[in-house]
Participant: 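Take this structure, written in structure tokens, and hold onto it; I'll ask about it next.
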Amino acid sequence: MNILRFFPTYRSLLVIRVMAIKDIRSSLTERAFMITSVIIPINFLLLFLLFALTGGQAPTAIVLEDKGPYAQQFLSAMEHSHSFIIQQTTSVDAQNLMKKGQVVAIVTVPDNFDSLLRQGNQVQLRVVLNNLNVDFTNDIRRAVPLAITSFYANAFPNQVVIRAHEVDSYSHDTGYVQYLVVSLMVVSVMLGGLLQAGSNAAREYEKGTIKELMLAPASIWAIQIGKILGALLLNSLSVVVMIIVIVFLIGVWPEHWDELFAFVLLLMITFVALGALIGTLIRRRQAVIPLSIGLSTPVFFISGAFGPAVWGDQVTAAITQLQPVYYGIANFQHAFHNFTTTSTSPAIDGFILAGFAALIVVISALALSYSRGRGDVH
Amino acid sequence: MNSLFPILAIVRKDISVWLRQPTSIAGTVLPAIAFMVILYFGAQAVGRNPVALVVQDSGPHAQELVNILSDSGAFKVGMITITPQKAEDALKQVKVAAVITIPSNFDAAYNAQKPDPVTIHINNLNLDFTNDLRRSLPSAITEFYAEKGNSSPIQIHVKETDLRSQDIDLLRFELVPNLVLLLTTAGIVNAGLATAREWEDSTIKELLLAPISKTTLIAGKLLSGWITTLLIASVVLVVGAASGYLRPEGTIYWISTLVIVLLIALASAALGVAIGAASRRFQRVTAIGIPLSIDLFFLSGGITVAAFLPAWLQTIAHFVPTFYGTHALQMAIFYGSTEGLALDLSILGATALVAGVLGVLSLRRSMIA
């Protein structure tokens, strides 16, 4: 005891250790929640990947009534237009596919396609659209003329002379899934952190054990840091599973492992501290799950998950730079793909993220300290 | 008649408790609100990447292409310059997604009918918007030729036939899956919490000792879950109809919409009772109920159109009851169509029946235990 009196730092470390162990043990007794808190972030990651699987290309049936060389060239132009998933089929089968909802458009190349083009006459291309919503219907409406022009540029190069010549910044294209999964990892880390730490903090109020913590002769900072550490260790379970899924199952290999581990740790600290803050404020575990999901999802969408946020709406882009997910996504894209997605460098993004982590840890400790100051523990 | 009063008493009690629990109500509507926010931002951002234009030719054809690119729905032209370096710097600093360069000999090459390339330098971070950009410049070139009218060399013309009488805008289209998400979350979470509460607060003892049958108790629980879900649904439907966003055209489609909503609400509430009785804990109900509702939402098409999903995922979607609920509501509300209605209603009816049986069995088992 005397040692503890003379070495306050040692005493605080002891409190941190004890708090972390207590929270881990408490969580392990609630196995059902423990399992769901690991599963929910991974579930979230996999579900949102479904969104990427749609790929934005319209499933389209093409009926070639003419098999001539121009008709074949037109088919090739459609296949290379980055707009369609083509199924070449008969008219009857195309109608059936449309009825079953397996295609959203039928393009029919008429039987006199080649001969009319050779004679320089007009050709009517029949396009049937299942115009369910204006977004993808307009994509098809734009894509068919585009395929026609591409066809002309190849088949009649002397008539259609303007062409697009593409130069890419990166030597290879990165698939949408490979890009999105990295952004999704950030929101999954966020969700896992909020759930774990939020529940741990709220549990103290629900079970009334917060009174004992508040009355204990220990620093509030040590108590809160201990709680954050406990949640951090528990949260690392779901993060490890996520990394395994992304790297070994989906096959996205990080370019910079060191950056990945550093930024994962920073993000975990940030969101675990935020979870502790939310749990301290709302004090009910029942509300932690919907609030965590309700908060993570929109924040993720405005933070540049699908591409640099600054390319979107300017107001949203300005707002999103005030929160950590934006920098988390930028840092993760750099760690995994060596991409730069913000105007600032990855190092600056890292420092800003570290600043957010420190700030939220401080605010969460202050919130707990405020509770003690008011004697407000119910 | 003897059973009716206790049933109504249970319903009244559950609804009163529910109304005094703002966190439960917030928890019910929060996922749906979150997805609406997402869809709003998603709809704003669809395919409008910022580009820089480097215009090195001041000829009329070059200017025509510049005007088309500037007015294009596919681009946001953030910069027009004659200095390539300025545009390349903007690309490097991630201020624009691509740089399009119209060369100094553009008009001369066009007039001479010689190859006339327009360069697009793309920051190809991912295939989604890279493909958008790849489509966008050829699309502008297509428009350039289309504006030539009869003098255009392109002789292929599109004759479009639409299956539906109207195109529905993306945000409105996604309101329906969101309504289904709201119904499933509300049913599962509210009915689940109302059931689990009896064990958490130990009031189940009083209910079991009361001079009422177990059937009455089960009926009361199912009915209260159903009614709370319908209360939320009615608010959404009234607001949707008043604003015109969710207004079925004609009595028959109003009836089919209401029947579909009633069935989804019943199935969700019964599932909620089953989960609540099996788990007997608030936290478990929300931990299972909310992710389950979101899973059902995504697997039934959710924020996309089912036809765009890969074939294996479409097959899975056909085993998800909310897929049929979403389809039936979209047909009734947007297109005034009964396409597939019989199948949709039978599957929803069967789901409500199976969920009801599950709810009864789970509650009975927990009461005996």
Side-chain angles (χ1 to χ4, degrees), chain A residues 32-33 36 40 43 47 50 53-54 59 82 101 104 122-135 137 142 144-146 148-149 152 158-159 161-170 173-176 179 285-287 289-290 293-294 297-298 301-302 307-308 311-313 339 343, chain B residues 23 27 30-31 34 37-38 41 44-45 49-50 93-94 97 113 115-129 131 134-135 137-139 141-142 153-164 167-170 173 282-284 286-287 290-291 298 304-305 307-310:
Chain A
F33 179 73
T36 44
I40 288 175
N43 184 37
L47 280 178
L50 299 183
L53 286 174
T54 59
H82 307 290
V104 293
Q122 279 200 0
V123 179
Q124 274 210 338
L125 193 72
R126 296 194 302 277
V127 178
V128 180
L129 290 179
N130 185 0
N131 53 324
L132 280 171
N133 79 47
V134 75
D135 179 46
T137 306
R142 277 194 286 260
V144 175
L146 158 68
I148 293 171
T149 311
Y152 261 89
N158 296 329
Q159 293 177 31
V161 290
I162 305 175
R163 280 165 177 254
H165 171 245
E166 184 183 325
V167 180
D168 293 331
S169 290
Y170 295 94
D173 284 339
T174 301
Y176 194 29
Y179 186 90
R285 282 183 290 175
Q286 185 193 329
I289 294 174
I293 293 176
T297 319
F301 268 76
I302 63 165
W311 294 354
D313 172 63
F339 286 159
S343 309
Chain B
T23 45
L30 215 54
V37 173
I38 289 166
F41 284 111
Q44 302 293 309
N49 293 305
Q93 290 159 12
V94 204
Q113 294 293 291
D116 198 1
V118 176
T119 306
I120 179 164
H121 185 175
I122 302 175
N123 184 353
N124 56 325
L125 287 173
N126 79 50
L127 266 181
D128 182 50
F129 62 79
N131 279 348
R134 280 177 182 148
R135 279 191 289 255
L137 179 58
S139 178
I141 295 171
T142 303
I154 295 173
Q155 291 296 316
I156 302 175
H157 298 278
V158 175
K159 188 186 175 207
E160 181 183 321
T161 310
D162 292 337
L163 286 190
R164 320 274 168 200
D167 294 351
I168 304 294
D169 74 68
L170 182 63
F173 186 78
F282 287 157
Q283 203 191 359
R284 287 183 200 161
T286 45
I290 294 176
F298 273 97
T304 180
V305 174
F308 279 66
L309 295 171

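Letters A, B, ... are given to chains in the order of the sequence lines, protein chains preceding strands, and every chain is numbered from 1. Bear in mind the structure is a predicted one, so any value in this text is a computation, not a measurement.
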Participant: A:Asn130 versus B:Arg164: any side-chain heavy-atom pair under 4.5 Å?
Facilitator: yes
Participant: Could you have a look at B:Thr119, B:Ile154, B:Asp169 and say which one has the most heavy-atom pairs with chain A under 4.5 angstrom?
Facilitator: B:Ile154
Participant: Can you say whether A:Asn43 sits under 4.5 Å from chain B via the side chain, the backbone, both, or neither, judging by heavy atoms?
Facilitator: side chain
Participant: Measure across B:Val94 and A:Trp311 and return the closest heavy-atom pair with its distance rounded to 0.1 Å.
Facilitator: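 Closest pair (atom of B:Val94, atom of A:Trp311, distance): O-NE1, 3.0 Å.
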Participant: With sequence neighbours left out, write down each residue that passes salt bridge (charged side-chain N to carboxylate O under 4.0 Å, His left out) with B:Asp116, or none if nothing qualifies.
Facilitator: none
Participant: So which atom in A:Tyr179 and which in A:Gly307 form the shortest heavy-atom distance, rounded to 0.1 Å?
Facilitator: OH-CA, 3.7 Å
Participant: Can you measure from CG (A:Leu125) to NE2 (B:His157) and round to the nearest 0.5 angstrom?
Facilitator: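 So the gap between those two atoms works out to 11.0 Å.
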Participant: Does any backbone or side-chain atom of B:Arg284 lie under 4.5 Å from a heavy atom of chain A? Answer side chain, backbone, both or neither.
Facilitator: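 Side chain of B:Arg284 only, per the 4.5 Å heavy-atom cut-off to chain A.
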Participant: Chain B heavy atoms under 4.5 Å from A:Leu132: which part of the residue, side chain, backbone, both or neither?
Facilitator: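 Both backbone and side chain of A:Leu132 come within 4.5 Å of chain B.
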Participant: So which residue, A:Gly175, A:Ser169, A:Ser343, A:Pro59, ends up with the most heavy-atom pairs under 4.5 Å with chain B?
Facilitator: A:Ser169
Participant: Pick whichever of B:Pro117, B:Pro115, B:Pro153, B:Pro138 has the most heavy-atom pairs under 4.5 Å with chain A.
Facilitator: B:Pro153
Participant: Nearest 0.5 Å, please: how far is CG in A:Asn133 from CG in B:Asp167?
Facilitator: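 Output value for this atom pair is 8.0 Å.
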Participant: Does any heavy atom of chain B fall under 4.5 Å from the side chain of A:Thr137, the backbone, both, or neither of them?
Facilitator: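 Contact with chain B is through the side chain of A:Thr137 alone.
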Participant: Taking every non-hydrogen pair under 4.5 Å, which of B:Val118, B:Leu125, B:Ile168 racks up the most with chain A?
Facilitator: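 Most heavy-atom pairs within the cutoff with chain A belong to B:Leu125.
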Participant: Using a 4.5 Å cut-off on heavy atoms from C-beta on, say whether the side chain of A:Thr174 contacts that of A:Phe339.
Facilitator: yes
Participant: As an exercise: rank A:Glu166, A:Arg126, A:Arg285 by heavy-atom pairs under 4.5 Å with chain B and give me the winner.
Facilitator: A:Glu166
Participant: Find the one option among A:Thr297, A:Asp168, A:Thr149, A:Val128 whose heavy-atom pairs under 4.5 Å with chain B are most numerous.
Facilitator: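 Most heavy-atom pairs under 4.5 Å with chain B: A:Asp168.
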Participant: For A:Ile148, is it the side chain, the backbone, both or neither that has a heavy atom under 4.5 Å from a heavy atom of chain B?
Facilitator: side chain
Participant: Using a 4.5 angstrom heavy-atom cutoff, name the option from B:Thr286, B:Ile290, B:Thr161 with the most pairs to chain A.
Facilitator: B:Thr161
Participant: Which answer fits A:Tyr152, side chain, backbone, both or neither, if we ask what part of it has an atom under 4.5 Å from a heavy atom of chain B?
Facilitator: side chain
Participant: For B:Ile120, is it the side chain, the backbone, both or neither that has a heavy atom under 4.5 Å from a heavy atom of chain A?
Facilitator: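 The answer is both parts of B:Ile120.
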Participant: Looking only at heavy atoms, what is the nearest atom pair of A:Tyr176 and B:Asn126, with distance?
Facilitator: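 That would be CD1-OD1, 3.8 Å.
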Participant: Is it the backbone or the side chain of A:Ala164 that comes under 4.5 Å from a heavy atom of chain B, or both, or neither?
Facilitator: both
Participant: With a 4.5 Å heavy-atom cut-off, do B:Phe129 and B:Asn124 have their side chains touching?
Facilitator: no
Participant: I need the A:His82 NE2 to B:Arg135 CZ distance, nearest 0.5 Å.
Facilitator: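 Between A:His82 NE2 and B:Arg135 CZ, I get 8.5 Å after rounding to 0.5 Å.
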Participant: Is any side-chain heavy atom of A:Asn131 less than 4.5 Å from a side-chain heavy atom of B:Glu160?
Facilitator: no
Participant: Just so I understand: if I count every heavy-atom pair under 4.5 Å between each of B:Leu137, B:Val158, B:Ile156 and chain A, which residue has the most?
Facilitator: B:Ile156
Participant: Can you tell which part of B:Gln113 gets under 4.5 Å to a heavy atom of chain A, answering side chain, backbone, both or neither?
Facilitator: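 When you check distances to chain A, atoms from both the backbone and side chain of B:Gln113 fall under 4.5 Å.
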